[in-house]
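Since this is a predicted model, take the numbers as computed values, not measurements. Both backbone and side-chain heavy atoms feed into the values below; hydrogens, waters and symmetry mates do not.
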Amino acid sequence: MLFLCRNKKHNRKKLRARISSALVSMQMIALLSFATGCGGNDGSIPELNDPVMAAAEYRPVGKRTIGKKELMYGRVVPKEYPCFSKDGADLAEINVAVGDYVNEGDVIATGVSGVDAELIATLKEEANSLTRQRANAKNVSDKTLEKLDYEKKIEEYLEDSDGIWNKEKEIEKEQEEQRYNLALIDSRLSSVRSEIAELEKNSSKEIFTAPYTGYVTFVKDFSQTNHVEPNENIIVVSDMDELYIECTDKTIENYNYESYKKKWTYVNGKKAYITERRYTNEEVSCAKATKSNPYIQFEVPGEKLTIGTNMVLYFMDSDDSEKLVVGNDSIYRENEDQYVYVKTGDENSSDEKRNVKLGVSDGYYTEVISGLEEGEMVHYKNNAAVPLKYEIAEIGLSDYAENCETGFVSISNPYSRIYTADYAGKLEELHNVGVASEGDTLFVMQTNVKRADIEAAKSTVKELDTTREKERKEYEKAKTDLEEVIKMAGEIPAEAVATDSDAIRESMYLAERTQCDLDILTYTEDFSKQEYDAQRASAQKEYNKLSSAGFDADNNYVKKLEMDGNINSYGPARYARVEKYQFVITEQYSKDGEDFTRLHVLVDSKDPSMPSVSARIGEEVTLYSDEKSWTGKCIGVNGDLLRYILSSKDEKQYSTYSAPFYKNVPEQFDVLINEKLTKEDMEGTKIKFNGFEVKQSVVVPGTCVKSEYDQLAKKDVYFVWKVEGDNIVKEFVHIYETVVATGTVLVLDGVEVGDKLLK
């Protein structure tokens with residue numbers, strides 16, 4: 001059984017103390033108005049003038065579910081969808097907080113760009129340049145071939161075979177050079193694009209999106225780091241409409257009740273059969289191979305569960321129908337015979353010894369196969385005294401809850417802004433832990449970036465501008481000269497063309513050949529301008545980055561805070577050496593304009609009267625002070641390294657975990673209050689919540705439950721005095737053992753709705 005990690009011996013001592021006679025008088029006052037009904041001595045109950053032992057020796061034969069039951073405790077949780085890093089990542093920004101509603105595909109976090117992103121940008125610039133270079137080389141070569149074709153036509157006009165042969169060789173050479181140059185560019189372009197694709201594939205982990213539409217119930221604590229390990233959850237999104245019962249004392253690896261014939265729980269007092277939540281074979285194999293097995297979860301077909309409540313689960317490896325039973329304390333054995341003593345109708349006659357055939361037993365009661373009828377009164381051995389004075393509690397359904405409280409409550413800053421080092425260097429100053437305001441100096445870092453670097457970046461921009469202006473003027477002059485030649489060539493009459501070969505080679509197709517030169521010049525100019533625009537944009541970006549980086553007079557890099565918030569802790573300490581892109585500090589903040597308040601709660605684990613438990617997601621809680629109280633809801637709980645979420649993604653299986661928050665307090669949770677609270681409101685407040693809560697179950701006053709020590713079993717056993725017609729009989733019960741004094745007891749087996757108990 002799961003006892004919420006409590007020490008059983010401690011539980012028994014607590015319980016015995018709670019239900020002992022020393023507490024009866026106090027509890028009687030508190031339970032006089034028990035909700036299920038109570039009263040004084042009923043006329044149908046004996047006045048108990050006879051000795052107490054004589055009045056408590058017979059128990060009627062009745063029906064009940066018999067056989068060994070295994071019990072587990074669970075809680076109702078929503079189905080969870082994790083967003084995690086498959087390979088590990090360093091994050092630059094977190095966009096969501098616990099309690100936020102997100103849609104599937106929303107960007108919830110981004111990773112640090114790092115060297116890969118810079119290299120990708122550089123390679124993309126190279127790819128763009130190669131693409132422009134290829135287009136320009138092709139255009140220039142095509143125009144060169146066109147000009148050579150005109151020159152070949154002149155040789156054909158002159159019928160100069162040597163001239164024709166020479167021009168054909170020049171054309172072939174140009175064509176070969178074009179093929180070679182384009183192939184060279186294509187080869188390099190293909191290599192660059194492949195490198196980009198590989199880097200982008202690897203860096204796709206830098207963008208994280210919501211895996212499902214629902215509420216965020218967990219966000220990793222980034223107050224001291226921006227790193228997530230492989231298969232570590234960044235956030236968890238929960239579907240509040242799809243609920244399961246989760247049992248944290250069994251994983252899918254050590255769950256051993258799968259083959260049991262009957263499995264059930266109680267929903268609003270009604271018995272409901274349960275089934276294990278099914279994972280695929282691939283998911284189970286993944287979990288077992290990585291030794292990261294999730295807790296077992298159950299579904300309750302046809303029943304509506306209440307999120308956050310606890311459930312008691314029952315398992316039997318036999319039929320769960322009710323059978324005729326007799327108490328084990330009524331059974332005698334002699335050789336191979338089994339018999340009981342049955343009360344006869346005549347009070348003056350002795351009891352009838354009757355042989356019985358018995359079946360299975362649960363340790364307290366045994367199945368009667370033959371020899372007894374329902375309702376017959378059977379003698380039982382009893383060492384406990386029936387109370388001479390008592391009240392009666394008629395049992396109905398009621399909620400059972402362990403009330404807990406803690407005073408470690410604070411208004412949370414749920415969003416995180418992560419700051420990393422833009423340059424390598426040594427941290428000279430760090431903002432103090434606590435409240436931080438926009439414009440505050442977050443940290444100061446001594447770097448290798450010097451004023452000379454800024455001037456060099458500025459000089460690069462200027463040199464590009466100067467070179468470009470010179471190229472533009474040269475182009476304009478050459479363009480004018482070529483346009484003049486084309487104009488002049490168009491004015492030469494055909495009959496004026498000379499008849500000698502040199503003159504013909506100079507004048508024939510002059511306009512067409514010059515136009516080719518002009519086109520080549522224009523292609524080269526366009527390529528030059530495009531290269532200038534790209535190079536200047538890159539150089540200007542670098543200059544802007546350096547010039548606006550915020551260097552002080554001593555050449556230290558100064559990072560300012562971008563908004564109001566809170567600093568909880570640091571990554572590296574003051575005077576530590578940090579590398580470029582390394583995590584430095586996290587600011588946690590709240591968004592403006594929210595008309596609600598999110599609280600973060602730490603449970604006081606040092607209080608011996610309180611169990612070490614958290615509130616549960618979906619549970620209603622109460623924040624209160626001496627003057628006022630507010631009702632809220634638990635919206636998230638601390639992570640647990642042993643709790644895994646098993647899921648499939650992109651046809652692959654993963655078992656992921658949520659790391660606990662820092663500060664060495666395991667039980668922490670988040671609360672949402674639908675009212676804007678101030679620091680003044682929070683002064684002296686505490687928060688009340690239920691560490692364990694079962695809805696509509698069999699709950700009895702604490703004074704109804706008695707205990708005695710079983711010498712054979714070497715353990716405490718519990719019983720109640722039950723009214724059966726005109727008799728008071730001893731009924732053994734299973735109860736939920738607790739360290740919290742609630743004044744009531746959750747009975748798991750042995751008492752039913754409508755039973756009348758002595759208290």
Between [X] and [Y], what is the shortest heavy-atom contact and its length?
X	Y	value
I635	V98	O-CG1, 3.4 Å
A109	L91	CB-CD1, 4.3 Å
Q582	R577	OE1-O, 4.2 Å
K250	Y255	CD-CA, 4.2 Å
G88	S85	N-OG, 2.6 Å
M682	L677	SD-CD1, 3.9 Å

With sequence neighbours left out, what residues match [X] under ring-ring contact (aromatic ring centres under 6.0 Å, His included)?
X	value
Y657	none
F443	none
F661	H600
F408	none

Among residues at least two apart in sequence or on other chains, which ones pass side chain to side chain donor-acceptor pair (under 3.5 Å) with E542?
none

Tell me, please, which residues at least two apart from D221 pass side chain to side chain donor-acceptor pair (under 3.5 Å).
S223

Evaluation steps, salt bridge (charged side-chain N to carboxylate O under 4.0 Å, His left out), between E258 and R278
CA-CA 11 Å; E258 185 172 5; R278 296 296 179 185; 3.1 Å; yes

Carboxylate-amine/guanidinium proximity below 4.0 Å for E80 and R643:
yes

Could you check whether K649 makes a cation-pi contact with F84, meaning its NZ or CZ is under 6.0 Å from the centre of the six-membered ring and within 45° of the ring axis?
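Pair K649/F84 counts as cation-pi.
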
